[in-house]
There are 2 protein chains.
Amino acid sequence: MVRVNTRDEILRVAAEQFTHSGYKGTSLQEIAAAVGCSKATLLYHFASKDAILHALVAPAALALAGLVAHLETVDDAVVQAAAIDGYVDLVLRFRHEVALIYDVIPQFLQEPAFDTVRPLTDQLCAAFAGRTDDPGNGIAAEVLLGGIAGVVIDDDRDAAELRPALIGVARRALLPAV
Amino acid sequence: MVRVNTRDEILRVAAEQFTHSGYKGTSLQEIAAAVGCSKATLLYHFASKDAILHALVAPAALALAGLVAHLETVDDAVVQAAAIDGYVDLVLRFRHEVALIYDVIPQFLQEPAFDTVRPLTDQLCAAFAGRTDDPGNGIAAEVLLGGIAGVVIDDDRDAAELRPALIGVARRALLPAV
DNA sequence: GTCTATAAACAGATAGAC
DNA sequence: GTCTATCTGTTTATAGAC
């Protein structure tokens, strides 16, 4: 099989399969078939199936950490708008990967390896809610965070079409009416 | 094991496990352990693992069909508000079950057994969008439908607290500003 | 780096005793 | 109606040749 970089190709295919069928619902067999190599080759490049998942999520988690760090420097008055724009861009850029974090593998969020991700999503949720204590705002933020991630997985439309619609619905739902 | 109704107990436990770990991520072994019986007992009450899932989703799908049928009789001007109220009530009533349809098993929506469910969710989505052709409205409806289902799974708060918050965020996001 | 072959564990499902 | 024991296929992962 002629291929530029087998490792990257494995990650690309795994991201597709994991988001489509779930982590548990995707076997190494299926990934290998789609890549065009053997299971053994997969496990030469990655120590385990879990390692593939972690390699996949790591860059997205890093970008998420960057967004959250940036939001900490933003003033309360505009933090919601900044969080919405940043999150929509992030989720469209890591379409498969960030979506995984929110939708496909909730059980994995409780694993030790994801201990760094959970506080980040909590902070992002707080930013979406406008850093208020009102539980209603928190619930609204959860709806939008999860809903946006879900659409990005399931919807076939491209980023250019989704971006304004996603930002629009989040603003209407979360920002005070003008 | 003293138990009122083993069949119902299996369904109750399976709903919990499926929503928490996913369908593929939950084994008959684990369900049996949580119920306090053997795998064989599970398969005495249900023909297969699939049969458990179908028994679980059937009442929710029926209720969903009822909601969609009711919405067809509702005037365009108020269909969004009616759809929001009806959906939030539905998803809180069948907290595990309807949530399963939207969040845990996207791959199952393509199975023949779910051929009846897919058109229902499409119609519900159209009602959420206010029966317009604007793709932006459609995307917003998808965000809210999926986001609400996701919150109902993950959030521990009870229905009384969630209901007004969920209806509120959906109205702000979807209904024209007054 | 990639392969075939295989190990070891686990899945869903069945048989038959009680 | 529930159990133990077992069958059969599939899973992740390893061993070793090329």
Side-chain angles (χ1 to χ4, degrees), chain A residues 1-58 100 104-108 110-114, chain B residues 1-58 96 100 104-114:
Chain A
M1 172 66 72
V2 179
R3 205 179 298 112
V4 181
N5 186 330
T6 304
R7 202 191 126 95
D8 290 350
E9 181 67 5
I10 291 168
L11 287 178
R12 197 186 63 75
V13 168
E16 256 181 43
Q17 311 256 88
F18 286 166
T19 45
H20 182 265
S21 308
Y23 176 73
K24 291 264 190 183
T26 305
S27 70
L28 295 182
Q29 187 69 258
E30 292 167 320
I31 298 172
V35 170
C37 70
S38 71
K39 280 189 292 179
T41 298
L42 255 55
L43 294 165
Y44 166 79
H45 289 281
F46 298 92
S48 65
K49 187 186 178 184
D50 239 74
I52 299 178
L53 176 67
H54 282 77
L56 217 44
V57 171
L100 263 176
V104 179
I105 42 167
Q107 60 269 38
F108 277 84
Q110 286 151 15
E111 277 190 11
F114 285 85
Chain B
M1 172 65 73
V2 179
R3 202 180 301 112
V4 181
N5 185 332
T6 304
R7 203 192 125 95
D8 291 349
E9 180 67 6
I10 291 169
L11 287 177
R12 198 187 61 77
V13 167
E16 257 181 43
Q17 310 256 85
F18 286 166
T19 46
H20 183 264
S21 308
Y23 177 73
K24 291 265 190 183
T26 305
S27 69
L28 295 181
Q29 187 69 259
E30 290 168 320
I31 299 173
V35 170
C37 70
S38 70
K39 278 192 293 179
T41 298
L42 256 54
L43 293 166
Y44 166 79
H45 288 281
F46 298 91
S48 65
K49 187 187 179 184
D50 240 74
I52 299 178
L53 176 65
H54 283 77
L56 218 43
V57 170
H96 292 295
L100 264 175
V104 178
I105 43 167
Q107 59 269 36
F108 276 84
L109 288 176
Q110 288 152 14
E111 276 191 11
F114 284 84

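Within the nucleic acid shown, B:L28 comes within 4.0 Å of sugar-phosphate atoms alone, with no base atom in reach, counting heavy atoms only. Nucleic acid contact class of B:S38 (heavy atoms, under 4.0 Å, all strands): base.
The CD-P distance, from B:E30 to C:dG12, rounds to 9 Å in whole Å. We find that CG of A:L53 is positioned 15 Å from C1' of D:dT12, with the value rounded to whole Å. Rounded to whole Å, atom P of C:dT14 lies 15 Å from atom NZ of B:K49. One atom, CG of B:L42, and another, C1' of C:dA11, lie 13 Å apart when rounded to the nearest Å. Separating the CG atom of A:L43 from the P atom of C:dA5 is a distance of 18 Å, rounded to the nearest angstrom. Atom CD of B:E9 and atom P of D:dT2 are 11 Å apart (whole Å). To the nearest angstrom, P of D:dA13 lies 7 Å from CG of A:D50. Atom P of nucleotide D:dA5 and atom NZ of B:K39 are separated by 13 Å, given to the nearest angstrom.
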Could you check B:I31 against B:F18 for side chain to side chain contact (heavy atoms under 4.5 Å, CB included), going step by step and ending with a plain yes or no? CA-CA 9 Å; B:I31 299 173; B:F18 286 166; 4.0 Å; yes

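Checked against C:dG12, D:dA13, C:dT14, the side chain of A:S48 finds its nearest nucleotide in D:dA13. The B:A40 side chain lies nearest to D:dT4 when the options are D:dT4, D:dT12, C:dA11.
For the OP1/OP2 pair of C:dT2 and a distance below 4.0 Å, the side-chain nitrogens and oxygens of A:T6 include at least one atom meeting the criterion. Between B:Y44 and D:dG1, a side-chain N or O to OP1/OP2 separation shorter than 4.0 Å is present. For D:dC3, the OP1/OP2 oxygens have a side-chain nitrogen or oxygen of B:T41 closer than 4.0 Å. Dashed line: the shortest gap from a side-chain N or O of B:S27 to OP1 or OP2 of C:dA11 is under 4.0 Å.
With B:Y23 as the aromatic partner, A:K24 does not meet the cation-pi criteria of under 6.0 angstrom to the ring centre and within 45 degrees of the ring axis. No cation-pi contact links B:K39 to B:Y44, judged by a cut-off of 6.0 Å to the six-membered ring centre and 45° from its axis.
Residues that satisfy the side-chain contact (heavy atoms from CB on, under 4.5 Å) test with A:A55, not counting sequence neighbours, are A:R7, A:L11, A:F46.
Pairing each heavy atom of A:A32 with each of A:S38, the nearest pair is CB-C, 3.7 Å.
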